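What follows is a short report on a single structure.
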Amino acid sequence: MKENKVKDITSRDIDFSKWYTDVVKKADLIDYSSVKGCMIIRPYGYAIWENIQSTLDKTFKKLGHQNVYMPMFIPESLLNKEKEHVQGFAPEVAWVTHGGSEKLEEKLCVRPTSETLFCEHYAKIINSYRDLPKLYNQWCSVVRWEKTTRPFLRSREFLWQEGHTIHATEDEARLETITMLNCYADFCKNILAIPVIKGRKTEKEKFAGAVDTYTIEALMYNGIALQSGTSHYFGDGFAKAFNIVYSDKENKLKYAHQTSWGVTTRLIGAIIMVHSDDNGLVLPPNIAPNKVIIIPIGKDDNLNKRAYEFKKLLECNGINTIIDNSDKSPGFKFAEAEVKGIPVRIEFGQRDLENDSVTMVRRDNGLKEIVKIEDIPNKVLELLAFIQNDMYERALLRKNEMTFTAKNLDEMEKIINKQPGFIKAMWCGNEKCEIQIKEKIGVTSRCIPLDNNEKISDKCVCCGKDAKELVYWGKQY
RNA sequence: CGGGAAGUAGCACAACUUGGUAGUGCGUUCGGUUUGGGACCGAGAGGUUGCAGGUUCAAAUCCUGUCUUCCCGACCA
């Protein structure tokens with residue numbers, strides 16, 4: 001490996017946690033605020049979120065979803081309507097108890113999630129099968145009073161989207177749940193270059209109030225798993241609690257079936273922990289706010305003029321480009337561009353121009369290439385596609401390398417002591433084993449994979465009784 | 001929420017042990033010289049030492065509380 005070119009970033013192989021916070025700060029993604037766990041998302045960090053948002057929003061709309069906005073306050077009585085749901089969220093909600101100096105008659109919870117608000121609304125607007133389905137989504141922030149906080153991975157307020165849909169039948173709702181799970185998985189793969197495991201959560205790990213919770217699980221560089229998105233099938237549980245009924249074609253009253261699904265700013269944490277390196281952020285081209293940075297070397301006016309020409313040329317091809325023509329030294333600019341993870345750097349000086357060429361450098365692997373000026377737009381387009389693809393392939397390879405199998409607890413323990421990662425192992429389906437594995441080995445069930453029928457063994461990894469399912473286990477953020 | 005560490009200029013740190021009114025480097029501003037991997041010279045600006053109490057003639061320094069950050073656990077996207 002090359003020497004670390006960036007000052008003040010701890011090596012990720014020496015102290016991964018420290019490295020993560022260093023990158024977050026040095027790339028200028030966030031600043032801390034004076035309230036614990038509440039971060040200021042800086043312009044560069046927010047630009048990444050905006051890209052995530054706009055890409056997903058288009059996909060949602062293509063699939064027929066509409067955006068709405070729900071209030072941020074939930075009356076206590078409303079939150080209390082669905083038992084499991086309250087129990088799951090009550091420990092971490094923030095309450096508003098006063099308006100001005102007046103004590104409120106009923107305290108208001110700051111939404112940790114909006115199921116109850118959507119349900120209350122659906123109960124009002126749904127009467128007939130003709131009113132179904134409703135495919136709503138909202139972009140907003142939610143508040144969960146976390147004890148331990150980390151930028152992007154766990155903050156007390158975070159940005160997300162929450163889709164809430166309601167359907168006439170179970171089949172239709174289940175299809176929606178899986179459709180959205182696939183939508184997230186495809187987004188991670190194609191846009192964020194992050195491979196994920198699609199799966200179902202165990203009873204123990206599922207969302208409070210859900211019949212089934214589906215998840216996409218990504219593996220970070222250090223082998224720790226990150227739940228990166230969830231999609232829930234609610235059955236008619238919420239419909240019963242909130243009395244959401246409709247008249248079907250035979251004029252019989254029926255309960256509706258619901259789903260909800262969401263991804264959060266945590267995805268930014270995933271991008272960092274999957275792709276970035278000791279020189280800072282590495283952004284997949286498809287999500288990078290700026291795809292190219294042009295750095296003219298020297299202060300000749302002509303260099304500047306050419307830089308703007310190149311920028312214009314690239315932007316005509318839809319490639320966001322910035323120029324660094326400050327009077328910092330070239331080395332400084334290179335390092336700065338690397339910390340920020342800009343996928344392609346174009347550098348040129350008088351020497352290059354005399355040969356009608358520029359130098360292009362890839363952020364992901366540092367490879368340099370001399371490119372003829374006339375080839376610039378095509379070459380950049382090609383490079384961006386290569387980078388996107390290579391970043392996914394590298395992440396996939398690393399995920400696969402860090403995915404192990406175990407037939408019994410001893411094997412599990414050996415694996416986890418040597419190198420954290422995903423551990424595939426069979427499970428009998430009994431929650432007692434799940435708890436025991438967590439207590440003894442320190443890993444939790446991540447998911448029961450959807451598209452993997454492998455049989456590691458006939459027996460449960462924990463109790464040795466007949467195995468029912470393959471489970472991905474791992475340490476998690 | 002438990003266990004540990006830390007908070008002094010934008011950033012990294014020194015001064016704290018032994019109380020006497022804050023310093024270094026980087027950055028920043030201005031002027032100049034530079035430019036192919038974090039340039040150089042000169043001049044300047046920037047601080048009620050996280051906050052609140054207490055001890056004292058006197059507190060960055062000692063004591064108490066509190067807030068924030070980081071690390072390790074338990075809980076969660």
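In what follows, every chain begins at residue 1, and chains take the letters A, B, ... in the order their sequences are listed. Here the structure is a predicted model, which is why all the values come from computation and not from measurement.
An OP1 or OP2 oxygen of rC72(B) is reached within less than 4.0 angstrom by a side-chain nitrogen or oxygen of Ser17(A). For Lys328(A) and rU28(B), the shortest distance from a side-chain N or O to OP1 or OP2 is below 4.0 Å. Distances shorter than 4.0 Å separate none of the side-chain N or O atoms of Tyr20(A) from OP1 or OP2 on rC70(B). Within the 4.0 Å cut-off from OP1 or OP2 of rU35(B), not a single side-chain nitrogen or oxygen of Ser329(A) is found. Contact check, Lys438(A) against rC75(B): a side-chain N or O comes under 4.0 Å of OP1 or OP2. Taking only side-chain nitrogens and oxygens, Arg150(A) comes nearer than 4.0 Å to OP1 or OP2 of rC71(B).
Residue Ser34(A) is in sugar-phosphate contact alone, with no base atom involved, counting any heavy-atom pair closer than 4.0 Å across all strands shown. Counting non-hydrogen atoms under 4.0 angstrom, Glu146(A) reaches a base of the nucleic acid. Looking at heavy-atom distances under 4.0 Å, Pro151(A) makes contact with sugar-phosphate atoms alone, never a base. Within the nucleic acid shown, Leu226(A) has no heavy atom closer than 4.0 Å to any nucleic acid atom. Residue Gly37(A) is in sugar-phosphate contact alone, with no base atom involved, counting any heavy-atom pair closer than 4.0 Å across all strands shown. At the heavy-atom level, Phe334(A) lies under 4.0 Å from base atoms of the strands shown. Here Ser155(A) lies in heavy-atom contact (under 4.0 Å) with a base. In this structure, Thr359(A) reaches the bases: a heavy-atom distance under 4.0 Å links it to at least one base atom across the strands shown.
When distances run from any side-chain atom of Tyr32(A) to the nucleotides rG37(B), rU69(B), rG38(B), the shortest one goes to rU69(B). If you check rG37(B), rG36(B), rU69(B) against the side chain of Thr149(A), the one that comes closest is rU69(B). Counting only heavy atoms from C-beta on, Thr21(A) has its side chain closest to rC70(B) among rC70(B), rC76(B), rA74(B). The side chain of Lys299(A) approaches rU34(B) more closely than any other nucleotide in the set rC1(B), rG37(B), rU34(B). Checking rC76(B), rC1(B), rG36(B) against every side-chain atom of Gln476(A), the shortest atom distance belongs to rC76(B). Taking every side-chain heavy atom of Glu92(A) into account, rC76(B) is the closest of rU35(B), rG38(B), rC76(B).
In this structure, CD of Gln227(A) is placed 11 Å from P of rC76(B), rounded to the nearest angstrom. Atom CZ of Arg156(A) is separated from atom P of rC1(B) by 8 Å (rounded to the nearest Å). Note: CZ (Phe332(A)) to P (rG27(B)) measures 8 Å, nearest angstrom. In this structure, Lys18(A) atom NZ and rA6(B) atom C1' are separated by 12 Å, rounded to whole Å. Taking atom CG on Asp31(A) and atom P on rC70(B), their separation rounds to 12 Å, with Å as the unit. Atom NZ of Lys36(A) and atom C1' of rU68(B) are 8 Å apart (whole Å). Distance, Lys147(A) NZ to rU69(B) C1': 19 Å, rounded to whole Å. Atom CD1 of Ile9(A) and atom C1' of rC70(B) are 17 Å apart (whole Å).
Taking the six-membered ring where the residue is Trp, Phe234(A) and Phe238(A) present tilted rings, their angle falling between 30° and 60°. Between Tyr221(A) and Phe16(A), the angle of the ring planes stays under 30°, which puts this pair in the parallel group of the 30/60° scheme. Note on ring orientation: taking the six-membered ring where Trp is involved, the planes of Tyr122(A) and Phe118(A) are tilted (angle from 30° to 60°).
Base pairing annotation: rA12(B) forms a Watson-Crick or G-U wobble pair with rU24(B), both donor-acceptor distances under 3.5 Å. Pairing of rU55(B), defined by two Watson-Crick or G-U wobble distances under 3.5 Å, is not identified with any nucleotide. Remark: rG7(B) base-pairs with rC67(B). Criterion, Watson-Crick or G-U wobble with two distances under 3.5 Å. Base pairing of rA39(B): its partner is rU33(B), meeting the Watson-Crick or G-U wobble criterion (both donor-acceptor distances under 3.5 Å). Judged by Watson-Crick or G-U wobble contacts below 3.5 Å, the nucleotide rU18(B) has no partner. With a cut-off of 3.5 Å on both pairing distances, the Watson-Crick or G-U wobble partner of rG2(B) is rC72(B). Nucleotide rA60(B): unpaired (no Watson-Crick or G-U wobble partner with both distances less than 3.5 Å).
Side chain to side chain, His232(A) and Thr213(A) meet the donor-acceptor criterion of an N or O pair below 3.5 Å. Residues Glu162(A) and Ser114(A) have side chains that bring a donor and an acceptor to within less than 3.5 angstrom of each other.
At least one donor-acceptor pair under 3.5 Å links the side chain of Thr55(A) to the backbone N or O of Asn51(A).
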Check the pair Lys333(A) / Glu336(A) against salt bridge (charged side-chain N to carboxylate O under 4.0 Å, His left out), numbers first and verdict last.
CA-CA 5 Å; Lys333(A) 295 181 190 178; Glu336(A) 191 67 19; over 6 Å; no
I would like to know whether Asp300(A) and Lys305(A) meet salt bridge (charged side-chain N to carboxylate O under 4.0 Å, His left out); could you show each step before the answer?
CA-CA 9 Å; Asp300(A) 194 301; Lys305(A) 222 168 83 190; over 6 Å; no
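Remark on RNA chain B: of its neighbouring residues Lys475(A) and Val358(A), the 5'-side contact belongs to Val358(A), judged by nearest-heavy-atom nucleotide. The 5' end of RNA chain B is approached more closely, in terms of each residue's nearest nucleotide, by Asp327(A) than by the other of Thr265(A) and Asp327(A).
If you take atom P in rA58(B) and the same atom in rG20(B), they sit 14 Å apart, rounded to whole Å. Comparing rU61(B) with rG25(B), their P atoms sit 25 Å apart, to the nearest whole Å. With C1' as the reference atom, rA15(B) and rU8(B) are 9 Å apart, rounded to whole Å. Straight-line distance between the C1' atoms of rU21(B) and rU48(B): roughly 12 Å, to the nearest whole Å. Spacing of C1' atoms, rA9(B) relative to rG3(B), comes out at 33 Å, to the nearest Å. Rounded to a whole angstrom, the distance from the C1' atom of rC11(B) to that of rG38(B) is 15 Å. The separation of rU69(B) from rU28(B), taken at their P atoms, amounts to 28 Å, rounded to a whole angstrom. Taking atom P on both rC41(B) and rU49(B), the two are 32 Å apart, rounded to the nearest angstrom.
Applying the 3.5 Å distance criterion, the base of rC1(B) shares a donor-acceptor pair with the side chain of Thr148(A). Between the side chain of Glu347(A) and the base of rG37(B), no donor-acceptor pair of N or O atoms lies under 3.5 Å.
Considering Glu434(A), Glu431(A), Arg446(A), Glu469(A) in turn, Glu434(A) is the only one that fulfils the side chain to side chain donor-acceptor pair (under 3.5 Å) rule with Thr202(A).
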